[in-house]
Amino acid sequence: MLSASALAWARSLAWRALLPLCLAGPAAAADIDRGRYLVEALTACDNCHTPRGPDGYRLDKRFSGGSQTFNGETYSVRGPNISSDAATGIGSWSDERLAAAIIAGVGPEGRLAPAMPSEYYRILTARDLEAVIAFLRTAAPVEAARPAQRRDGEQKAEIFPGAEAPFEESALDDPLRRGFYVATLARCMECHSGETNGALDHKEKLGAGGKLFRTPAGTAVGANITQHPTAGVGAWSDAEIKAAIVAGVGRDGKPLKPTMANLSKAHFSKMTPRDLDALILWLRTIPPRPGP
Ligand code: HEC
Ligand code: HEC
């Protein structure tokens with residue numbers, strides 16, 4: 001059951017204020033290419049919405065639903081079918097409904113569980129949001145029933161500080177803001193910030209590491225990627241940090257655990273040099289913190 005307040009919010013028009021006004025018109029080829037880049041190199045929608053086989057993503061069933069179940073105190077959900085199938089996917093959804101799900105976390109039954117990371121996607125510029133939607137619509141329709149989602153009570157989602165509102169396109173010309181944009185869409189801090197009382201603490205523990213991941217491949221701990229010279233990556237060269245991000249390789253040259261390395265290989269390896277340089281520039285501004 002959704003709480004009354006969550007439903008009221010979803011039904012209210014409040015979230016509409018977040019939507020750009022320009023969601024209209026057929027997508028140009030450039031939009032689709034930009035959308036593909038954003039989805040494949042940064043937002044990694046496949047990670048939760050495409051089933052996996054022994055060799056990675058089942059691209060023949062792309063976007064038909066993820067393999068992983070996300071459990072939180074108030075939810076147990078799986079990435080549903082977002083292929084263009086009209087009956088079981090998002091083929092019949094308007095651009096506005098899609099935008100509401102992607103950047104405001106509003107789904108057909110009200111507030112989505114925060115496992116859908118809309119709080120990191122709200123920053124998408126109007127043009128980039130359009131591009132993501134345009135690319136999503138190019139995926140082949142795959143029939144796959146919607147998973148039975150469990151949501152109990154209010155779905156609380158913390159907005160990533162700095163990502164409260166869509167960026168203006170011009171912000172991406174500033175390398176530092178571009179770096180923040182890249183880090184936000186790639187959700188680096190959703191895995192790398194430390195926690196206080198079980199909740200991510202982007203203010204006091206930005207990038208400080210310590211979050212625990214239990215996966216079929218074993219456990220992993222989010223690394224400290226602050227500028228701390230010993231606990232973090234402050235003493236690493238740019239090339240060493242880049243190798244961790246795009247190749248999933250640690251400073252010692254050994255492969256990082258799959259929680260990071262899979263994203264590196266499937267997604268971050270596709271980052272443009274411009275985005276990667278901007279990302280490093282922003283990472284260098286993270287205050288050093290000890291830990292985890
Ligand atoms: C970390 C995992 C994760 C990532 C990454 C992710 N999603 Fe989701 N998404 C989910 C989950 C889980 C749900 C279901 C939440 C619920 O039902 O409460 C969901 C729901 C949705 C929905 C609503 C669909 C429906 O039928 O209810 C849409 C649309 C969507 N996601 C699109 C996207 C797009 C586009 C991207 C990439 C820009 C993306 N998601 C990235 C996990 C993710
Ligand atoms: C799904 C969670 C997740 C996301 C998203 C993620 N990381 Fe990681 N990352 C990890 C984990 C877990 C490790 C530790 C891997 C290990 O122990 O081998 C790691 C390791 C690293 C390392 C190596 C640090 C060290 O001390 O070995 C760097 C650098 C890094 N990540 C940067 C990033 C950046 C930058 C982003 C965003 C572009 C990012 N990560 C996104 C989970 C994630």
Side-chain angles (χ1 to χ4, degrees), residues 2 35 38-50 63 65-66 68-72 74-82 88-90 93 97-103 105-118 120-121 124 128-129 132-133 135-136 139 146-151 155 179 182-192 207 209-213 215 218-226 228 231-233 236 240-246 248-252 254-264 267-268 271 275-276 279-280 282-283 286:
L2 275 170
L38 290 162
V39 165
E40 295 190 344
L42 305 182
T43 61
C45 316
D46 289 288
N47 202 37
C48 308
H49 288 282
T50 296
F63 298 136
Q68 192 184 346
T69 301
F70 296 88
N71 295 304
T74 59
Y75 59 85
S76 177
V77 291
R78 216 147 45 77
N81 186 344
I82 57 167
T88 60
I90 52 83
W93 290 34
R97 263 183 85 190
L98 273 174
I102 296 169
I103 66 165
V106 174
E109 292 136 19
R111 188 66 179 81
L112 294 168
M116 167 62 194
S118 303
Y120 295 79
Y121 299 154
L124 281 165
D128 280 352
L129 175 59
V132 166
I133 291 173
F135 171 64
L136 210 57
R146 299 170 55 81
Q149 313 283 47
R150 181 179 70 71
R151 299 181 214 94
Q155 299 303 316
V182 168
T184 303
L185 293 179
R187 296 183 295 120
C188 309
M189 294 304 152
E190 196 186 13
C191 293
H192 285 285
K211 185 171 167 178
L212 188 66
F213 298 88
T215 72
T219 58
V221 179
N224 182 329
I225 57 168
T226 72
H228 194 283
V233 297
W236 293 33
E240 285 168 336
I241 302 178
K242 284 181 184 175
I245 298 170
V246 303
V249 171
R251 202 184 191 197
D252 55 7
K254 295 197 183 124
L256 295 168
K257 292 190 175 169
T259 309
M260 178 71 195
N262 287 349
L263 282 171
S264 300
H267 300 287
F268 303 154
M271 270 190 216
D275 278 354
L276 194 55
L279 173 60
I280 300 288
W282 181 72
L283 288 174
I286 299 176

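One-based numbering, in listed order, for ligands and for the atoms of each.
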If only atom types and distance count, is the side chain of [X] paired as donor or acceptor with the main-chain N or O of [Y] below 3.5 Å?
X      : Y      : answer
Ser118 : Ile102 : yes
Thr226 : Gly207 : no
Ser76  : Thr69  : no
Gln68  : Cys48  : no
Tyr120 : Met189 : no
Arg146 : Asn81  : no

[Y] and [X], any side-chain heavy atoms less than 4.5 Å apart:
X      : Y      : value
Ile225 : Ile241 : no
Phe268 : Leu279 : no
Tyr121 : Arg187 : yes
His267 : Asp46  : yes
Arg111 : Met116 : no
Arg151 : Thr74  : no
Lys211 : His192 : no
Phe213 : Lys257 : no

Close-contact set for ligand 1 against [X] heavy atoms, below 4.0 Å:
X      : value
Arg187 : 1 (C), 5 (C)
Ala44  : 5 (C)
Ile102 : 35 (C)
Phe70  : 2 (C)
Pro108 : 27 (O)
Ile82  : 28 (C), 29 (C), 30 (C), 32 (C), 33 (C)
Arg151 : 16 (C), 17 (O), 18 (O)
Arg78  : 12 (C), 14 (C)

Between atom [atom1] of [X] and atom [atom2] of [Y], what is the distance when rounded to the nearest 0.5 Å?
X      : Y      : atom1 : atom2 : value
Leu256 : Leu263 : CG    : CG    : 11.5 Å
Arg97  : Ile133 : CZ    : CD1   : 12.5 Å
Ile103 : Asp128 : CD1   : CG    : 12.0 Å
Leu185 : Leu38  : CG    : CG    : 6.5 Å

Protein residue, atom and distance nearest to [atom], heavy-atom basis:
atom                    : answer
atom 24 (C) of ligand 2 : Ala223 CB, 3.5 Å
atom 15 (C) of ligand 1 : Leu112 CD2, 3.9 Å
atom 27 (O) of ligand 1 : Arg146 NH2, 3.3 Å
atom 13 (C) of ligand 1 : Pro80 CD, 3.4 Å
atom 28 (C) of ligand 2 : Ile225 CG2, 3.7 Å
atom 29 (C) of ligand 1 : Ala101 CB, 3.6 Å
atom 41 (C) of ligand 1 : Tyr121 OH, 3.4 Å
atom 1 (C) of ligand 1  : Cys48 SG, 2.7 Å
atom 8 (Fe) of ligand 1 : His49 NE2, 2.0 Å

Would you say His192 touches ligand 2, if touching means a heavy atom closer than 4.0 Å?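 The answer is yes: ligand 2 sits under 4.0 Å from a heavy atom of His192.
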Does ligand 2 have any atom sitting under 4.0 Å from a heavy atom of Leu283?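 Leu283: in contact with ligand 2 (<4.0 Å).
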Is atom 8 (Fe) of ligand 2 less than 2.8 Å from an N/O/S atom of Thr259, whether that atom is in the backbone or a side chain?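 Given the 2.8 Å cut-off, Thr259 does not count as a ligand of atom 8 (Fe) of ligand 2.
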Options Asp275, Asn47, Leu42, Val221, ranked by nearest heavy atom to atom 12 (C) of ligand 2, top entry: Val221
Out of Gly209, Gly232, Cys191, Ala220, who gets a non-hydrogen atom closest to atom 2 (C) of ligand 2?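 It is Cys191 that holds the nearest heavy atom.
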Should the proximity of Ala186 to ligand 2, defined as any heavy atom under 4.0 Å, be assigned to the side chain, the backbone, both, or neither?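 Ala186 to ligand 2: contacts from backbone and side chain alike.
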Just heavy atoms, cut-off under 4.0 Å: does Leu256 contact ligand 2 by side chain, backbone, both, or neither?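 Both of them.
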Indicate yes or no: does an N/O atom of Lys257 lie under 3.5 Å from an N/O atom of ligand 2? yes
Any idea which atoms of ligand 2 are less than 4.0 Å away from a heavy-atom of [X]?
X      : answer
Ile245 : 35 (C)
Cys188 : 34 (C), 35 (C), 36 (C), 37 (C), 38 (C), 39 (C), 41 (C)
Trp236 : 23 (C), 24 (C), 25 (C), 26 (O), 27 (O)

Answer yes or no as to whether an N/O/S atom of Cys45 is found below 2.8 Å from atom 8 (Fe) of ligand 1. no
Would you say atom 8 (Fe) of ligand 1 has Met116 as a near neighbour, meaning an N/O/S atom of that residue under 2.8 Å away?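 Looking at Met116, which is the residue asked about, there is an N, O or S atom under 2.8 Å from atom 8 (Fe) of ligand 1.
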Could you establish whether Tyr75 and ligand 1 come within less than 4.0 Å of each other, counting only heavy atoms on the residue side?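 No; Tyr75 lies far enough from ligand 1 that no heavy-atom distance drops under 4.0 Å.
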Any heavy atom of Gly107 sitting closer than 4.0 Å to ligand 1?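 False for this residue.
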